[in-house]
Every structure is written in C-alpha cells, then in structure tokens.
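Note that this is a predicted model, so its numbers are computed, not measured. The basis for the numbers below is simple: all heavy atoms, side chains too, and nothing from hydrogens, waters or symmetry mates.
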Amino acid sequence: LSMLEGGNAQLSSFFERHELSHSKCQAFVQRQKENNNGEYIKDLTSVRYETNAARFYRNMLTKHVNLLKNSGPYKGREESRKKAISVQRQRATAA
C-alpha cells in the first residue's frame, strides 16, 4: 500500500521540491569525495534518504497509509487523492 500511494515517482517529485534532486545530491557527494581525498563517503541514496525531508516523507506516508487501512477497502491512488482533496476543501471552508 505504501508503494502504491507514495512510490518512486512521488518520492522523486518530493525530493525535487526539497532541493534533493539526483543531480544536486550527486554534486554534493562528488564534492565530499574530493574534499576527503577519495575516502569513503556515503552513496547518493544514503545521503538523500537520511535527510530530515526524507524522514518527514516517511512519517507522513506512514500516517497516510494507516488512515487508508482504517477507511475500508482500498480503491486505488486516484480515489484516495480525491478523498484527500475533498477533506482539504472541507477544512478550508470551515476555517
């Protein structure tokens, strides 16, 4: 369920929005290797997945998936997105 709701495409988009794109992180990893005389530096995936942004993504995805599990039979990502947007609109009009 986690991969259906927050899989690779969603995670890549999230990383882009948080300045953790593949190209930006690759440049960071390369600079670290150059500054450490080629000593072992974490790989690109480790750098990205150990950020606060990635922790936030995992926590929010876990909460989202738990809500879906408790809301009845899973009807697909599009249906869950419709529900989420509907709830956001209701909250906005109630405020």
Side-chain angles (χ1 to χ4, degrees):
L1 194 53
S2 293
M3 285 303 293
L4 292 172
E5 286 293 313
N8 292 335
Q10 289 85 356
L11 181 58
S12 292
S13 176
F14 178 84
F15 279 152
E16 288 285 335
R17 290 191 312 272
H18 289 85
E19 301 294 317
L20 294 167
S21 66
H22 182 81
S23 59
K24 288 185 180 188
C25 287
Q26 186 64 42
F28 171 79
V29 169
Q30 186 58 39
R31 283 193 307 276
Q32 295 300 310
K33 286 181 181 178
E34 291 168 1
N35 292 339
N36 289 327
N37 298 320
E39 291 180 25
Y40 176 76
I41 299 295
K42 292 179 182 177
D43 61 37
L44 174 63
T45 302
S46 295
V47 168
R48 287 171 39 157
Y49 284 79
E50 292 176 5
T51 63
N52 287 335
R55 275 188 216 84
F56 173 81
Y57 183 87
R58 285 190 299 273
N59 290 338
M60 292 298 106
L61 180 59
T62 299
K63 289 179 183 179
H64 175 70
V65 167
N66 287 334
L67 285 172
L68 288 175
K69 286 179 182 177
N70 295 326
S71 67
Y74 183 65
K75 297 179 182 175
R77 178 159 169 70
E78 291 304 317
E79 190 63 31
S80 69
R81 295 296 303 148
K82 286 180 192 174
K83 281 184 181 179
I85 291 169
S86 175
V87 169
Q88 287 173 353
R89 286 183 182 150
Q90 289 173 359
R91 287 181 183 161
T93 57

Residue pairs meeting salt bridge (Lys or Arg N to Asp or Glu O under 4.0 Å), one or both in residues 64-79, sequence neighbours left out, come to Glu5-Arg77
Does atom CG of Asn8 have more than 12 heavy-atom neighbours, drawn from other residues, nucleotides or ligands, at distances under 6.0 Å?
-> no
side-chain hydrogen bond (donor to acceptor under 3.5 Å, both in side chains): which pairs involve residues 11-21, sequence neighbours left out?
-> Ser13-Arg17, Glu19-Lys24, Ser21-Ser23
Apart from Leu11 itself, members of its ILVMFWY cluster (side-chain separation under 4.5 Å) are Leu1, Leu4, Phe14, Phe15, Leu20, Tyr49, Phe56, Tyr57, Met60, Leu61, Val65, Leu68, Tyr74
For Arg58, which residues count as a salt bridge (Lys or Arg N to Asp or Glu O under 4.0 Å) partner, sequence neighbours excluded?
-> none
Asn52 meets the side chain to side chain donor-acceptor pair (under 3.5 Å) criterion, sequence neighbours left out, with Arg55
